[in-house]
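The figures that follow rest on heavy atoms only: side chains count, while hydrogens, waters and symmetry mates do not. Ligands are counted one by one from 1 in listed order, and the atoms in each one are counted from 1 as well.
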Amino acid sequence: MSYPSVRKAVFPAAGLGTRFLPATKATPKEMLPIVDAPLIQYAIEEVAAAGIEEVIIVTGRGKRAIEDHFDLSFELDYFLEQHGKSHMLDSTYALLDRVQISYVRQRQPLGLGHAVACGRRLVGDEPFAVVLADDLIHATPSCLAQMVQVYEQHGASVVAAQRVEPAQTGRYGIVDGEPAGERTVRVRAMVEKPDPAEAPSNLAIVGRYILTPELFDEIERVNPGSGGEIQLTDALVALLAHQSIYAYEFTGTRYDAGDKLGFLQATVEYALRNEELGDRFRAYLKGLAAGL
Ligand code: G1P
């Protein structure tokens, strides 16, 4: 059986970034750079690698830098051309040739579920991905490309998942279910940020989802949950009553780049993998470690 393909991705990007203050006071957290590109650029590269060509970014006040980043920059482009340095923006402009980006504003920070619902009109009646750019995932094939395969197999919503320390369940949506193929479970229970004592497992939702459009109706019906916010996880629980949902343990490394330690880990590991910097940076780290 063939299911409608996943052509669109919603990027909730209206959050206040309070975990990263003061850096995020006037700069969107999605614009924090890992080596030389902002987090959101890595995430859009990831969806493009999964064959998704339409990106819907849900922004809010103070997020203008995201729109400016994914636009032409006449003065800078002219300057770079005059100085033979146009190649410095090649990867960014090449990405813009592959995806079409639309923006919609979330006027109030009412939660992740509410942010996703802001994309409803632009998504329409088809399956779509949701990507949280502060979960940075290094994987080949990309995490979303792996998830599209699971979606194509089952024709149902898929959430990315990862085992976490049992003590950390309060930071994540947690799922439980029965095995349904390689690295895949069919979800039976799902709960947003449970205390370790109440968590049904230690399998945590990571910020990548492929969702069926019926989810939008559930978001409209759901009451505020954890933190008083409209939670995506609660809408998924409601969807579970009449549709299957799968959790997929992707292969790859995930960095919680919205957290200071996770951001530093991502910076170090992406710098080590960087063609231009990797060797020098490795030598520097070795020298540093020898002196510790
Ligand atoms: C959100 C979701 C949570 C998920 C997490 C992944 O939480 O609500 O279910 O586990 O993203 O990063 P947030 O980190 O926005 O509080």
State the atoms of ligand 1, each with its element, that fall below the 4.0 Å cut-off from a heavy-atom position in [X].
| X | value |
| --- | --- |
| Leu112 | 1 (C), 2 (C), 8 (O) |
| Gly173 | 3 (C), 4 (C), 9 (O), 10 (O) |
| Tyr209 | 2 (C), 4 (C) |
| Tyr172 | 10 (O) |
| Gln231 | 8 (O) |

Between the CZ atom in Arg282 and the CG atom in Asn274, the distance rounded to the nearest 0.5 Å is 10.5 Å
Among all the protein's heavy atoms, is there at least one whose distance to atom 16 (O) of ligand 1 comes out below 4.0 Å?
yes
Atom 9 (O) of ligand 1 protein-contacted, heavy-atom criterion under 4.0 angstrom
yes
Ring centre gap for Phe70 and Tyr93 strictly below 6.0 Å:
no
So is Gly207 in contact with ligand 1, going by heavy-atom distances below 4.0 Å?
yes
Report yes or no: does Thr233 have a heavy atom closer than 4.0 Å to ligand 1?
yes
Arg221/Glu218 under salt bridge (charged side-chain N to carboxylate O under 4.0 Å, His left out): CA gap, chis, key distance, verdict:
CA-CA 5 Å; Arg221 283 194 278 262; Glu218 305 302 345; 3.3 Å; yes
So which of Lys193, Arg254, Gln162 gets nearest to atom 7 (O) of ligand 1, if we judge by its closest heavy atom?
Lys193
In terms of relative ring orientation, are Tyr42 and Tyr270 parallel, tilted or perpendicular, with 30° and 60° separating the classes?
perpendicular
Aromatic plane relationship, Phe20 with Phe263 - under 30° parallel, 30 to 60° tilted, over 60° perpendicular:
perpendicular
Please check if the side chain of Glu192 supplies one atom and the backbone of Asp234 the other of a donor-acceptor pair under 3.5 Å.
no
Just by distance, do the side chain of Ser157 and the backbone of Thr212 share a donor-acceptor pair under 3.5 Å?
yes
Count the heavy atoms belonging to other residues, nucleotides or ligands that lie under 6.0 Å from CZ of Arg273, then report whether that count exceeds 12.
yes
Would you please test His138 and Arg254 for side chain to side chain contact (heavy atoms under 4.5 Å, CB included) and show each step?
CA-CA 6 Å; His138 179 80; Arg254 171 238 176 198; over 6 Å; no
Protein heavy-atom partner closest to atom 11 (O) of ligand 1 - residue, atom, separation in Å
Leu132 CD1, 3.3 Å
Can you report which non-hydrogen protein atom sits closest to atom 2 (C) of ligand 1, along with the distance?
Glu192 OE2, 3.6 Å
Does an N or O anywhere in Asp135 fall below 3.5 Å from an N or O of ligand 1?
yes
Would Ile205 count as a polar contact of ligand 1, with the cut-off being nitrogen or oxygen pairs under 3.5 Å?
yes
